Amino acid sequence: RGCSFNCTYYTSMIKPIDDALEVIESNGNKNQIEHNSIQYNIFYYILKDGSGYVWYFKNEDPVIIFEGTFYFKLENLFIL
């Protein structure tokens, strides 16, 4: 049995971006980028906000440029 999802997001910021990033960093689920068992100083935060999700990527490495493709597992319509 299969299914597919199509997501469209509309975003508007009411607070200044620095305030929003602070909330995401303090309340979001923090994850670190890892490839071939090497962890990089690149992080992403996921925050469930109301009826949607907020994503924030933070590259703290002065040398590495990160480009990636993400695949997510949905469970009870929540991202794990």
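The structure displayed is predicted, hence computed values, not measured ones. We use all heavy atoms of the structure for the numbers below, so side chains are in, but hydrogens, waters and symmetry mates are not.
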Quiz item: Is the closest basic N to carboxylate O distance between Glu25 and Lys58 below 4.0 Å?
Solution: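 Yes, Glu25 and Lys58 are salt-bridged.
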
Quiz item: Does any non-hydrogen side-chain atom of Gln32 lie less than 4.5 Å from one of Tyr40?
Solution: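 No. Closest side-chain heavy atoms not under 4.5 Å.
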
Practice problem: Might you point out which heavy atoms bring Phe66 and Asn59 nearest each other, and give the distance in Å? | Solution: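 So the two residues come closest at N-ND2, 4.2 Å.
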
Self-check item: Cation over ring face, Lys30 and Phe43, 6.0 Å, 45°
Solution: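 Lys30 over Phe43 ring: yes.
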
Self-check item: From Asn27, Ile24, Leu21, Val23, residue fulfilling side-chain contact (heavy atoms from CB on, under 4.5 Å) relative to Val54
Solution: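 Exactly one candidate clears the test, Ile24.
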
Practice problem: Quickly, which of Asn29, Ile46, Leu47 forms a side-chain contact (heavy atoms from CB on, under 4.5 Å) with Tyr53? Name it, please. | Solution: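 Among the candidates, only Ile46 passes.
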
Practice problem: Decide whether Ile38 and Ile65 are clustered together by the hydrophobic rule: side chain heavy atoms of Ile, Leu, Val, Met, Phe, Trp, Tyr closer than 4.5 Å, transitively. | Solution: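 In one cluster: no.
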
Quiz item: Rounded to the nearest 0.5 Å, how far does CD1 of Ile42 lie from NE2 of His35?
Solution: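 These two atoms lie 11.5 Å from each other.
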
Quiz item: Okay, side chain of Asp61, backbone of Val63: is any donor-acceptor separation there less than 3.5 Å?
Solution: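 Indeed, once roles are kept as given, a pair shorter than 3.5 Å links the two residues.
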
Practice problem: Would you check if the side chain of Gln39 reaches a backbone N or O of Ile33 as a donor-acceptor pair within less than 3.5 Å? | Solution: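 Between the backbone of Ile33 and the side chain of Gln39 there is no qualifying donor-acceptor contact (under 3.5 Å).
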
